Amino acid sequence: MVVRAKNPVHPVPSSIPVFRNTSGSPILLGPDLPAMISPVVHTGAIAVLSLPVVMMLNIQIAEIHEKVSRYPPVSGIIGLIPWWEMSLIPDNDHIPLLPTSISTNSLRYTVHAGEIQGWTNSETSGNSLHTYYSVRFLVSSLILSVAMIGATVLTMHRTTRVKRQDVFRQNAIDSKRTMMRRTTDPHLPTPGSAPTIYRPQ
Amino acid sequence: MFNLFPAVFPEIFLINATFISPIHGVVFSTSKKYDYPPLASNVGWLGLLSVLITILLLAAGAPLLTIAHFFRNNFFRKDDFTYYRQIFLPLSTAGTILMCFDYFEQDRFNASEFIVSIPLSTSSMLFMISAYDLIAMYSAIEPQSLCSYVIAASKRNSEFSTEAGLKYLILGAFSPGILLFGCSMIYGSTGVTHFDQLAEILTGYEMTLFGARSGGIFAGILFIAVGFLFKITAVPFHMWAPDIYEGSPTLVAAFFSIAPKISIFANMLRVFIHSFYGTTLQQIFFFCSIASMILGALAAMAQTKVKRLLAYSSIGHVGYICIGFSCGTIGGIQSLLIGIFIYVLMTIGAFAIVLALRRTRVKYMADLGALAGTNPILAITFSIIMFSYAGIPPLAGFCSKFYLFFAALSCGAYLLALMGVVTSVIGRWAAGRLPGVAVLHPCTGHVAYQKLRHSELGGINRHICYSESGGINRHILQ
């Protein structure tokens, strides 16, 4: 649905299940912290900020010009490329599909017993990410801040015709002076008197 | 070993300044007390100032170079190479920002956050130049590209600009994806991401049938190369670059063709010549540079719009610069660096002139027809710049091409040098079209230019004198 939608805006919300599903794989394998952070970052930052940008397109014209039948050949070829890579290149030592693997003694025995630590995922990643890799971490936060600033720059439309709230003015309203008892129609009863039925003359 | 924060003071300063400037812009431009001033130029000058102060901080960081070699496992390495690149980059960015004040006035452009993207992109490019680790390199490429997408789409009432921004977004999302895939393959096959450690592992690693090869490393290097070639818009991967340059506002196209090229070439040098040297991908860079040169020369001949012509000229010039890259020798690297320096000066000049003439909507080349009559100095300046692109002898462009071809010949890449000379001759016709239209074949229709501001003219002319005299001096000092 992300790839095949005609309307250019549909892929962005459709990618939310995609991110959710891809975070299921790390949950099953162990690293829970990245599994939880990745939908937050992907959906909450990236999709949310790319949605206004996609909405800048002129959708009616974009939909009319779509001829879906010309996409499958090329996209099929491109879609086959990651499949080809994933099947051929990893584990090339065990399953020699490419002519590059000559070594036949690639199976090694690794002792993992000494490497076990009773740390949670957050502790482990915090121990290296916030100390040794802290500057890299901060640089990647630049990316998200640029996304925020960018989405705002591109889509905020501040003219006289766009209605905006003025929070200070709203807070300055004093309810005692704003709400008054007035009769607007002499036929209507004033509040407090017995209710009568209003019949238009 | 922990990171040494004083070494990144210039970047920290630039990022802080970049975040404080839009706060200033937002607070004051929405304040009723000052009558809602439009602050785009104001924040622009602040951005320019912060970039210039960053240059000072970089220059003052020179003593850190002597202890930079202590930081072995860290993400950056500041040495002489990065020193000069990092000073040159904010200088060229400052030149680009200078061009944008007139653009703000003309278009009554009020978004003060537009300027924010340029210093932010510069700061991430500074990180990119000194990056010494695959993760650091990728995490610095991303903010730089993201800022570029934003400013490419910033002309809101033009769908052309939105199209250019989206094309750049897709191109720039795809190419770092490939780059990152390559980085992950390399990490998976070697277990390290630091350039020094990669250099140690991959030294003497021959890509022959008789050695023990790893498919992962080969594919990883290939993907990283492809990702980088996308970013510098070299030929098989240049597909949308002319559209992007044409659709974005001219100032933004100037920024794209100047600043990322410097930083990405610096990073490519680090990656391919330092860490991946033994496993050379010379064939791919040969092919890309030959194809870029050919395409740049041929496609530039068929253009009718000025910005597309400049885009194809820059693609062609990237091809020439890649000659220096594919040689792999010290002479090649030196000629590459000289080539980038001169390319940046030429491009700043060319875009400055196109921007100066924007008042009359110079979009097609025929619009330049009456330039010789109305503003002969500008016509001569423009001719000098385009001749420098073409490589006419006493000018700087010829010197850069001379060094590049010389380096190619000295390492035995005769085909590269031959193709370079041939396409340079072809390209001379293309690059000479603009001055030809401007000077030799003036149009007879009514084309009117408004009076240029004196400051623009002065800036452009001074700049040309510097670059061309630089070329002459180097030629003499040989």
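Everything numeric in this text was worked out from a predicted model, so none of it was measured. Below, chains carry the letters A, B, ... as their sequence lines are ordered, and counting in each starts from 1. All values below were derived from every heavy atom in this structure, side-chain atoms included, with hydrogens, water molecules and symmetry-related copies excluded.
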*Is it the backbone or the side chain of B:Ile12 that comes under 4.5 Å from a heavy atom of chain A, or both, or neither?*
neither
*Indicate yes or no for a side-chain donor-acceptor contact from B:Gln86 to the backbone of B:Leu126 under 3.5 Å, with no hydrogens or angles considered.*
yes
_B:Ile129 vs B:Asn267 side-chain heavy atoms within contact, under 4.5 Å_ = no
*Check each atom of B:Ser123 against the heavy atoms of chain A and say whether the ones under 4.5 Å are side chain, backbone, both or neither.*
side chain
*Decide yes or no for B:Leu222 and B:Met185: does some side-chain heavy atom of the first lie under 4.5 Å from some side-chain heavy atom of the second?*
no
_Exam field: side chain B:Tyr149 to backbone B:Gly172, donor-acceptor pair closer than 3.5 Å_ = yes
*Just by modelled atom types, is the A:Pro17 backbone N or O under 3.5 Å from a matching donor or acceptor in the A:Asn21 side chain?*
yes
*B:Leu146 versus chain A, heavy atoms under 4.5 Å apart: side chain, backbone, both or neither?*
both
*Please look at B:Ser117 and chain A and tell me whether the side chain, the backbone, both or neither of the residue comes under 4.5 angstrom of a heavy atom of that chain.*
neither
*Against chain A, label B:Phe181 side chain, backbone, both or neither, depending on which of its atoms sit under 4.5 Å from a heavy atom there.*
side chain
